[in-house]
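Working notes, structure below.
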Amino acid sequence: ELRAQFWMVIGESLRAGENYAQAEAYYLKASEEAGIDGKSEALFLLAECQLKLGRVNDARYNLTAVETASRFAPAALRR
């Protein structure tokens with residue numbers, strides 16, 4: 001879980017700098033190593049980057065993987 005948080009921080013920094021393609025890689029790593037809540041957050045932010053990159057199908061796939069019990073589920077459903 002700690003490594004997942006580390007990947008999330010790097011992803012957030014890259015996304016803030018509009019480096020969406022690089023941020024995408026770190027959010028993917030975070031989603032693979034995080035617990036349920038962390039995974040949902042990582043998948044949601046991964047999908048946000050993919051939308052910015054014009055990769056709508058990839059973003060939809062990741063948004064549907066967000067856990068319904070997660071606090072990110074309502075936002076994912078609206079996308």
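Source: prediction; values computed, not measured.
For the residue pair Gly38 and Ala34, the shortest heavy atom distance occurs at C-CB, 3.5 Å. Counting all heavy atoms, side chain and backbone alike, Ser31 lies closest to Lys39 at O-CG, 3.5 Å.
Rounded to the nearest 0.5 angstrom, Leu45 CG and Leu28 CG are separated by 13.0 Å. Here the straight-line distance linking atom OG of Ser40 with atom CG of Asn62 works out to 11.0 Å at 0.5 Å rounding. Here Met8 contributes atom CE and Leu46 contributes atom CG; the two are 10.0 Å apart, rounded to the nearest 0.5 Å. Annotation: the span from Glu48 atom CD to Leu53 atom CG amounts to 11.5 Å, rounded to 0.5 Å.
The hydrophobic cluster around Ile36 extends to none of the other residues, as no ILVMFWY side-chain heavy atom falls under 4.5 Å of it. Hydrophobic cluster membership for Val9: none, as no Ile, Leu, Val, Met, Phe, Trp or Tyr side chain comes under 4.5 Å of it. Members clustered with Leu2: none, using a 4.5 Å side-chain heavy-atom cutoff among hydrophobic residues.
Annotation: side-chain hydrogen bond (donor to acceptor under 3.5 Å, both in side chains) contacts of Arg60 (sequence neighbours excluded): none.
For residues 16-45, every residue pair satisfying the ring-ring contact (aromatic ring centres under 6.0 Å, His included) rule, not counting sequence neighbours, is listed here: Trp7-Tyr26, Phe44-Phe72. For the salt bridge (Lys or Arg N to Asp or Glu O under 4.0 Å) condition, the pairs that include at least one residue of residues 13-24, sequence neighbours left out, are Glu24-Arg55.
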